[in-house]
Amino acid sequence: MTTQIDRISLDPAVMGGKPCIRGLRMTVGTLLGLMATGVSRERILAAYPYLEPEDLDAALAYAAWRLEEREEDLSAA
């Protein structure tokens, strides 16, 4: 998992410091949003040829790690 998270960069000069993929102007949030709406991995990789399959895995691993860091109430309000 460390190797996956190593693909995530945080730089105040890039996208306002949001977590990005390998210093690119592609945020983890953008990738997660695409995947959450059902866009296939293949379609994402075709639309963004500078991304690698490991980048998608890294985005998911990073999101999972961040959610482990705090308690979230996931019950319906």
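Hydrogens, waters and symmetry mates are skipped; everything else that's a heavy atom, side chains included, is used. Starting from 1, each residue takes its place in the sequence as its number.
- Using bins of under 30°, 30° to 60° and over 60° for the plane-to-plane angle, the ring pair Trp65/Tyr62 lands in the tilted bin.
- Listed by chain and residue number, nothing satisfies the side-chain hydrogen bond (donor to acceptor under 3.5 Å, both in side chains) test with Glu54 (two or more places apart in sequence, or in another chain).
- The shortest non-hydrogen separation linking Ser9 to Gly23 is OG-N, 2.8 Å.
- Residue Leu10 holds its CG atom at 8.0 Å from SG of Cys20, rounded to the nearest 0.5 Å.
- Rounded to the nearest 0.5 angstrom, Ile5 CD1 and Arg66 CZ are separated by 10.0 Å.
- No side-chain heavy atom of Leu56 sits under 4.5 Å from any side-chain heavy atom of Ile21.
- Ile8 and Ile44 end up in the same hydrophobic cluster when Ile, Leu, Val, Met, Phe, Trp and Tyr side chains are linked at under 4.5 Å.
- Clustering ILVMFWY residues whenever any of their side-chain heavy atoms sit less than 4.5 angstrom apart, transitively, puts Val14 in a cluster other than the one holding Val28.
- Applying the side-chain contact (heavy atoms from CB on, under 4.5 Å) test to Ser40 and every residue at least two apart in sequence or in another chain returns Glu42, Arg43.
- Applying the side-chain contact (heavy atoms from CB on, under 4.5 Å) test to Thr30 and every residue at least two apart in sequence or in another chain returns Met26, Thr27, Leu34.
- Applying the side-chain hydrogen bond (donor to acceptor under 3.5 Å, both in side chains) rule to Arg22 yields the partners Asp55; only residues at least two apart in sequence or on another chain are considered.
- By the side-chain hydrogen bond (donor to acceptor under 3.5 Å, both in side chains) test, Asp11 pairs with no residue at all, sequence neighbours left out.
- Every side-chain hydrogen bond (donor to acceptor under 3.5 Å, both in side chains) that Arg41 has, sequence neighbours left out, goes to Asp57.
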